[in-house]
Number of protein chains: 2
Amino acid sequence: MTEPVEKSASGRRGTATAERKQQIIAAALKCFTEKGYEKTTVADICRESGCSVGSLYHHFGNKEGVAGELFIHAIELLNADLLRRLQRCRTVASGVRMVVTQYSDWVTAHPDFARLLHSGDVEFTESAHLRLREIYRGHITAVFEWFHPYVVAGLMRVLPPETYVPLISGPIRDYTRQWLSGRVQKEPAQVQGVFAEAAWNAVKVEV
Amino acid sequence: MTEPVEKSASGRRGTATAERKQQIIAAALKCFTEKGYEKTTVADICRESGCSVGSLYHHFGNKEGVAGELFIHAIELLNADLLRRLQRCRTVASGVRMVVTQYSDWVTAHPDFARLLHSGDVEFTESAHLRLREIYRGHITAVFEWFHPYVVAGLMRVLPPETYVPLISGPIRDYTRQWLSGRVQKEPAQVQGVFAEAAWNAVKVEV
DNA sequence: GATTTACTAGAACGATATTCTATATTAGCA
DNA sequence: TGCTAATATAGAATATCGTTCTAGTAAATC
């Protein structure tokens, strides 16, 4: 199980390579969405993208490699969208609520990505795992930096650091999970109000 | 893929069969805990339990069948434990807090079961799926019945029914997930106070 | 005791992820 | 431009693993 190549992409070759990888990624997303990760075969992905197994393994190392890149791509879209929307908030309350509403809007708009992110059965290669940890750390740091001034100003409760994320995002994530598995009907975006309010309630300073 | 046999267990044969099934279940739990569901092979389970493939398939139909029974067993332990502890509560506030503290106590005490319940990559047979839905429905009903009088009495907020579970249990479940994946160190039981308080805060009637 | 049913065993099978070998294409450079 | 090394593609071969099949054993029932 050798790691896939990662080379400087110069000229025509580079863009062609990037396109091919993109085709495979797109085909994989389609297959995973239709049949789930476990049930899509690499033959499926090859058929859908029109590439050979050799080519797929050359670029991604293995099936997990494909899923890993797709997963990371999805995470980065989600994270970037949050930071963008968070920058526009002008009060702590709206910032906390935004964490919830952005998440529910995003998963409602991109259920295929959401399903992938929640699926849990994607095992990662060592390198993807490390990269993911790094991305998570960076994102959390950026979000905490946004909130930090308000904590200092006494507008947000001081809590054990590792509890903020579950307190604010836990309920909407839990609801989303149930929605993806078909246990509840209403889209996350339709019930975000309740969860956004609860999130602010959980971290605001009592009057 | 024929369904496994399910016969009346009478005499020596019956107990021997039950023991054998139990051995397989126990071996499976051990393997899943050590290597994860996907990476344990049925050969692993057979080796660990000392049975043959034929025997395993006779009793459980397939690998999912083993995981399904284990999963259901775990869920039922968890649910029964909650209902037992909930019955001893004498106020709404303590009941809501109990939902959180019981969960965190239980997953801390049974991390192997917790890992299985959170793993997400167990696909179920049709019958296991239906049984699971039934169990979930019954449990939710029982829990809601306990809380109902308090809602009627105006001591708990009236919210969309499908939001109670995420509001109360979402944060601790989310935290547990992070704990199981190694992203946070403290056991759920060590931070349950914050989440129990938040749960009550989310559903209590404002003064 | 005979017969049916439940159980066990392990070989055989089929599907699928992965590796291997060969070939083609492109980039870099003399 | 032609040569060489690095990249990329293709598909056959391999290995692993879930599942099925066939045969044999033990227990229950009559």
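In what follows, chains are A, B, ... by sequence order, proteins preceding strands, each numbered from 1.
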Every protein N/O within reach of nucleotides 8-13 of chain C N/O, cut-off under 3.5 Å:
unit_1 : atom_1 : unit_2 : atom_2 : d
C:dT8  : OP2    : B:S55  : OG     : 2.7
C:dT8  : OP2    : B:H59  : NE2    : 2.6
C:dT8  : O5'    : B:S55  : OG     : 3.4
C:dA9  : OP2    : B:S52  : N      : 3.2
C:dA9  : OP2    : B:S52  : OG     : 3.4

Exercise: do A:T91 and A:S94 side chains pair donor with acceptor under 3.5 Å: yes
Review point. Hey, does B:Y164 have a side-chain heavy atom less than 4.5 Å from the side chain of B:L159?
Key: yes
Within residues 33-47 of chain A, those residues having any heavy atom closer than 4.0 Å to DNA chain D are none
Notebook entry, point to check: Is any side-chain heavy atom of A:T17 less than 4.5 Å from a side-chain heavy atom of A:H59?
Noted result: yes
Rounded to whole Å, OH of A:Y57 lies from P of C:dT21 at a distance of 17 Å
Atom CD of A:E19 and atom P of D:dA8 are separated, to the nearest Å, by 13 Å
query = Does the distance from a Lys or Arg side-chain N to an Asp or Glu carboxylate O, for B:E134 and B:R137, drop under 4.0 Å?
reply = yes
To the nearest angstrom, the CZ-P distance between B:F60 and C:dC7 comes to 11 Å
B:D105 side chain to B:T108 side chain, donor-acceptor N/O pair below 3.5 angstrom:
no
So ring-ring contact (aromatic ring centres under 6.0 Å, His included) across residues 119-141 of chain B, not counting sequence neighbours, yields B:F71-B:F124
Are the side chain of A:S169 and the backbone of A:P166 linked by a donor-acceptor contact shorter than 3.5 Å? no
note: A:K63, atom NZ; C:dT16, atom C1'; distance rounded to Å ~ 9 Å
Decide yes or no for A:E64 and A:Y37: does some side-chain heavy atom of the first lie under 4.5 Å from some side-chain heavy atom of the second? yes
Atom CD of A:E64 and atom P of C:dT16 are separated, to the nearest Å, by 17 Å
